[in-house]
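Each chain gets a letter, A, B and so on, in the order its sequence line appears, and its residues count up from 1.
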Number of protein chains: 2
Amino acid sequence: MIDNNVNLVSKLKEFSIKPSIQRIEILEYLMDNRIHPNVETIYSNLVDKMPTLSKATVYNTLDLFAKKGLTNRLYIEPNEVRYDIRKDAHGHFKCEKCKKIEDVEIYNIETDISKNGYNGIIHAEEINYRGICEACAK
Amino acid sequence: MIDNNVNLVSKLKEFSIKPSIQRIEILEYLMDNRIHPNVETIYSNLVDKMPTLSKATVYNTLDLFAKKGLTNRLYIEPNEVRYDIRKDAHGHFKCEKCKKIEDVEIYNIETDISKNGYNGIIHAEEINYRGICEACAK
DNA sequence: CTTCTGATTAGAACAATTATAATACTATTT
DNA sequence: AAATAGTATTATAATTGTTCTAATCAGAAG
Ligand SMILES: [Mn+2]
Ligand SMILES: [Mn+2]
Ligand SMILES: [Zn+2]
Ligand SMILES: [Zn+2]
């Protein structure tokens with residue numbers, strides 16, 4: 001518990017983020033729940049533990065995390081942003097049946113666009129699939 | 001003009017869409033303006049020509065086009081849907097400077113996810129890049 | 001203790017989308 | 001031509017995710 005907290009705090013410090021209690025809790029939620037949650041989900045899961053938590057703080061915190069490079073934003077859903085603590089290159093699969101968003105492994109992507117002679121500067125890439133997931137398919 | 005209209009009408013019929021004047025105009029706009037427009041852009045460009053056009057009709061029409069497979073929705077932007085008449089597999093690059101969304105060519109993607117042993121059923125894929133486009137980069 | 005800075009907050013404001021119900025149009029039947 | 005049925009369009013209200021603003025709070029520095 002305390003040990004875990006130390007890890008969270010040092011993670012935040014590693015990304016030059018001042019470890020307020022709200023930031024620690026939001027980070028912990030993201031680490032423990034790899035479901036690419038939206039703001040609403042994060043907020044409603046934390047508000048019981050921190051009754052005065054405000055949605056604005058969740059937005060502010062996730063904006064900060066993204067700016068500092070601690071998390072990624074996913075635009076796989078129309079009209080809502082999802083957040084992902086996993087930072088290495090990977091894709092996402094949104095199941096149209098069970099609605100879950102799961103990670104999928106991708107290779108040989110990074111090179112493709114430049115291989116085709118595109119000379120822009122890439123800051124981020126996102127690869128999203130939609131369909132029926134493995135669990136729902138069988 | 002009339003000839004062009006015939007093409008638009010037959011395109012709609014080809015996708016089992018009743019060719020109302022609003023649908024014809026929206027399709028024409030998408031064909032002539034390959035800029036991945038949002039609803040607002042489409043609406044404001046057509047409302048002068050059709051003063052009684054309603055935004056609800058634009059939404060309805062684009063929903064129908066997507067359902068029938070005539071267009072794709074792009075979720076490259078947070079909090080707004082973009083529409084694309086180009087239907088063959090390709091990716092998109094959103095420039096953070098000039099804000100344009102341009103097409104980029106992609107190869108060897110389709111196979112990757114199944115190559116990795118993923119057994120879900122893929123209905124759609126979307127590959128989005130963000131950064132500085134070629135024009136803005138130099 | 002006072003001041004300063006940054007973090008958090010509540011609530012208002014905003015913008016994209018969806019839902020609902022009324023109206024208009026089109027084609028068909030009488 | 002008139003009535004009908006079915007679809008398309010419309011205005012409006014409602015909903016939802018996000019952003020803005022200004023007030024408050026907490027901790028560090030002087
Ligand atoms: Mn992920
Ligand atoms: Mn395109
Ligand atoms: Zn599923
Ligand atoms: Zn640019």
Side-chain angles (χ1 to χ4, degrees), chain A residues 8-9 12-13 15-29 36-68 70-84 94 99 101, chain B residues 8-9 12-13 15-29 36-68 70-84 94 99 101:
Chain A
L8 295 167
V9 168
L12 289 170
K13 283 181 175 166
F15 284 85
S16 314
I17 297 168
K18 205 169 177 182
S20 72
I21 179 62
Q22 289 84 353
R23 290 166 177 177
I24 293 170
E25 294 291 342
I26 290 170
L27 176 59
E28 181 173 41
Y29 181 83
H36 313 95
N38 60 8
V39 162
E40 173 58 32
T41 301
I42 298 168
Y43 172 77
S44 60
N45 274 279
L46 294 181
V47 73
D48 292 332
K49 192 169 181 183
M50 312 176 66
T52 68
L53 180 67
S54 132
K55 245 183 213 180
T57 297
V58 180
Y59 276 105
N60 290 340
T61 300
L62 293 166
D63 283 352
L64 182 67
F65 283 5
K67 202 177 66 184
K68 295 289 191 177
L70 177 55
T71 60
N72 271 136
R73 297 154 170 274
L74 302 184
Y75 301 142
I76 190 170
E77 297 275 24
N79 310 323
E80 78 178 22
V81 179
R82 298 300 194 109
Y83 297 88
D84 195 353
K94 163 74 187 285
K99 312 297 182 195
I101 295 173
Chain B
L8 295 167
V9 169
L12 289 170
K13 284 181 174 166
F15 285 84
S16 314
I17 297 167
K18 206 168 177 182
S20 72
I21 180 63
Q22 289 85 352
R23 290 166 178 178
I24 293 170
E25 294 291 342
I26 290 170
L27 175 60
E28 181 172 40
Y29 181 83
H36 313 96
N38 60 9
V39 162
E40 174 58 31
T41 302
I42 298 169
Y43 172 77
S44 61
N45 273 279
L46 293 180
V47 72
D48 293 332
K49 193 169 180 183
M50 312 177 66
T52 69
L53 179 67
S54 134
K55 249 183 210 178
T57 297
V58 181
Y59 276 105
N60 290 339
T61 300
L62 293 166
D63 283 353
L64 182 66
F65 283 5
K67 201 177 66 184
K68 296 289 191 176
L70 176 54
T71 60
N72 273 136
R73 296 155 170 275
L74 303 184
Y75 302 143
I76 192 170
E77 297 274 23
N79 310 324
E80 77 177 22
V81 179
R82 298 300 194 109
Y83 298 89
D84 195 353
K94 163 74 186 285
K99 313 297 183 196
I101 296 172

Check whether any side-chain nitrogen or oxygen of B:Asn79 sits under 4.0 Å from OP1 or OP2 of C:dA16, and answer yes or no.
no
In whole angstroms, how far is the P atom of C:dA15 from the CD atom of B:Glu77?
16 Å
Heavy atoms only: give me the nearest A:Ile101-A:His36 pair and the separation to one decimal.
O-ND1, 3.0 Å
With a strict under 4.0 Å distance from non-hydrogen atoms of chain B, what nucleotide opens and what nucleotide closes the contacted stretch of DNA chain D, reading 5' to 3'?
D:dA8 to D:dT18
For DNA chain D, which residues of residues 38-45 of chain B approach it to below 4.0 angstrom with any heavy atom?
none
Supply the atom-to-atom distance A:Leu46 CG to A:Thr61 OG1, rounded to the nearest 0.5 angstrom.
10.0 Å
Heavy-atom closest pair, residues B:Val47 and B:Ser44:
CG1-O, 3.8 Å
Can you confirm whether B:Lys18 sits close enough to B:Lys13 that some side-chain heavy atom of one is under 4.5 Å from a side-chain heavy atom of the other?
no
Taking atom types as modelled and ignoring hydrogens, do the side chains of B:Thr57 and B:Asn60 form a donor-acceptor contact shorter than 3.5 angstrom?
no
CD of B:Glu28 to CD1 of B:Ile21, rounded to nearest 0.5 Å, is 8.5 Å
Heavy-atom distance under 4.5 Å between the side chains of B:Thr71 and B:Leu27, does that happen here?
no
Reading nucleotides 6-13 of chain C from 5' to 3' and marking B where a protein heavy atom lies under 4.0 Å of the base, S where only the sugar-phosphate is that close, and - otherwise, the string is -SSBB---
Would you say that A:Val81 contacts A:Tyr75 through its side chain, given a criterion of any heavy-atom pair below 4.5 Å between the two side chains?
yes
What heavy-atom pair brings A:Ser54 and A:Tyr43 nearest, and what distance separates the two atoms?
C-CE1, 3.9 Å
So CG of B:Asn72 and CG of B:Leu62: to nearest 0.5 Å the spacing works out to 12.0 Å
